[in-house]
Amino acid sequence: MAALNYGVVEAGSGHLGHVTWAAYGPPTSPLTPVVLLHGLADSSACWPSVVEHLATDRLAIVTDLRGHGESPLPEALFTIKAAADDLAVVVRQVAQRPALVVGHSLGGLVAQDLAVRAPALLRGLVLEDPAWDIGRDRDAEVGAWVRTLRRSSYAQLVRQCLTENPDWPADEVAPWAESKLQVDPRVVDLAQGWGDGDRVGELARLAPQDEFSTTVVLGTPEHGSVVPAEMAERAELTIEGKGEVLVVEGAGHCVRRDRRAQFLAILDEALEAADAR
């Protein structure tokens, strides 16, 4: 994996199966390692503040989903289960112990699927505005969005990011733009079952033996969150006793970019709980 623009020393990088990964921070730290999984058309480079915050005292691992960043897109169908299986390999072979897994948007669906099917691999789960509401009725819209981004120049993407997100920290802009030029536009064509099932109802199946706690971090719909208010309310009821749902006012779909300090404070609380297990 090419060097990412993180202000910390890389602990290692490589390729496992269909995905690439990179690790930062002390590999022998006794603290819970963290695995970060980006959303659609983002990449492993899109966690600048989070990696630098974590890697001072614990191992932070980033990975590219299939067809994103430096991970190739196989001809096989892109299912949530397949991506979660990729993530499991990273946890087992790179973290080498149960981790706190953070997933944004599409990455949130992948992280949640792993947590349901392999709870022993987790010490904590943080879902940042997960794409629970994605459905087949939006396939054409999402596909057109990805192709439009892919046809844009880097300069156009930077201008778009600055126009649409004027309050984002400066270090978020270049990774956002670069990741759009790396995504394979066939990702959406090969997608299968992304919107299947009841993702919110699935929360009741998390941590059957109290293996971990779950934190759902949402923006608000009026600022661009993809989780409708009624879905957020249902999630809060479903997850009761297993975690919490937190709504960050003023944030949209990318909570960590819109409200960096609040997101990092929430992440620290989740890590404190994970370290205590």
Side-chain angles (χ1 to χ4, degrees), residues 1-14 16 19-27 29 31-66 68-71 83-84 86-115 121-131 169 171-172 175-176 178-179 182-183 212 214-217 253-258 260 263-271 274-275:
M1 176 178 283
L4 304 180
N5 294 320
Y6 294 141
V8 288
V9 177
E10 182 181 293
S13 63
L16 288 170
V19 300
T20 53
W21 61 271
Y24 299 84
S29 170
L31 299 177
T32 306
V34 180
V35 180
L36 304 165
L37 194 62
H38 62 82
L40 179 65
D42 271 359
S43 76
S44 58
C46 294
W47 300 93
S49 63
V50 180
V51 168
E52 291 162 21
H53 181 74
L54 295 172
T56 57
D57 59 0
R58 71 178 72 235
L59 190 65
I61 302 163
V62 294
T63 182
D64 288 321
L65 285 165
R66 298 177 177 202
H68 294 73
E70 295 189 9
S71 293
D86 293 338
L87 180 59
V89 173
V90 173
V91 175
R92 290 189 176 104
Q93 296 193 31
V94 183
Q96 298 185 358
R97 58 193 188 277
L100 183 139
V101 178
V102 182
H104 172 235
S105 192
L106 175 62
L109 301 187
V110 175
Q112 181 174 321
D113 185 80
L114 176 67
L121 292 181
L122 277 75
R123 281 295 173 268
L125 175 65
V126 176
L127 304 177
E128 180 192 359
D129 218 60
D171 59 1
E172 297 283 1
W176 183 92
E178 290 165 357
S179 66
Q182 292 177 306
V183 63
F212 58 87
T214 299
T215 305
V216 181
V217 188
H253 184 46
C254 299
V255 182
R256 71 185 186 278
R257 289 159 164 159
D258 292 329
R260 174 175 286 185
F263 181 83
L264 292 177
I266 291 168
L267 181 57
D268 282 345
E269 290 185 8
L271 285 165
D275 290 340

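Note that this is a predicted model, so its numbers are computed, not measured.
The two residues Asp57 and Leu31 have their closest heavy-atom pair at O-CD1, 3.5 Å. When all heavy atoms of Cys46 and Pro175 are compared, the closest pair comes out as SG-O, 3.6 Å. Closest of all the heavy-atom pairs between Arg123 and Phe212 is C-CB, 3.4 Å. Val91 and Leu114 make their closest contact through CG2-CD2, 4.4 Å (heavy atoms, listed as atom of the first residue, atom of the second, distance). Here the closest heavy-atom approach between residue Ser179 and residue Ala41 is recorded as OG-O, 3.0 Å. Listed here is the closest heavy atom pair of Pro130 and Gly108: CB-CA, 4.4 Å.
Atom CD in Glu128 sits 4.5 Å away from atom CZ in Arg256 (nearest 0.5 Å). For the atom pair CG (Leu87) and CG (Leu65), the distance works out to 8.5 Å, reported to the nearest 0.5 Å. Between the OG atom of Ser49 and the CG atom of Leu54 there is a distance of 9.0 Å, given to the nearest 0.5 Å. One finds the CG atom of Leu267 at 4.5 Å from the CG atom of Leu271 (value rounded to the nearest 0.5 Å). We find the CG-NE2 distance between Leu40 and His104 to be 10.5 Å, quoted to the nearest 0.5 Å. Residue Thr214 holds its OG1 atom at 8.0 Å from CD of Gln112, rounded to the nearest 0.5 Å.
Screening residues 87-97 for side chain to side chain donor-acceptor pair (under 3.5 Å), with sequence neighbours left out, gives no hits.
With sequence neighbours excluded, the residues that form a side chain to side chain contact (heavy atoms under 4.5 Å, CB included) with Ala11 are Ala23, Pro27, Leu59. The side chain to side chain contact (heavy atoms under 4.5 Å, CB included) check on Thr215 picks up Val126, Val217, Glu244, Leu246, Ile266, Ala270, with sequence neighbours excluded. Remark: Thr32 pairs with Asp275 by the side chain to side chain donor-acceptor pair (under 3.5 Å) rule, at least two apart or across chains. Legend: residues meeting side chain to side chain contact (heavy atoms under 4.5 Å, CB included) with Ser105, ordered by chain and number and at least two apart, are Ala131, His253. Evaluation of the side chain to side chain donor-acceptor pair (under 3.5 Å) rule for Glu172 yields Arg257, Arg260 as partners, not counting sequence neighbours. Under the side chain to side chain contact (heavy atoms under 4.5 Å, CB included) criterion, Pro26 pairs with Ser29, not counting sequence neighbours. Under the rule for a salt bridge (charged side-chain N to carboxylate O under 4.0 Å, His left out), the partners of Asp113 that lie at least two apart in sequence or sit in another chain are Arg117.
Under the 3.5 Å distance criterion, the side-chain polar atoms of Glu70 are left unmatched by any main-chain donor or acceptor of Asp64. Between the His68 side chain and the Arg66 main chain, a donor and an acceptor come within less than 3.5 Å of each other.
At a cut-off of 3.5 Å, with distance as the only test, a side-chain donor of Thr20 or Ser71 sits close to an acceptor on the other residue.
Proximity of Val50 to Val102: side-chain heavy atoms (C-beta onward) are nowhere separated by under 4.5 Å. Residues Trp21 and Val35 have side chains not in contact (no heavy-atom distance under 4.5 Å, counting atoms from C-beta outward).
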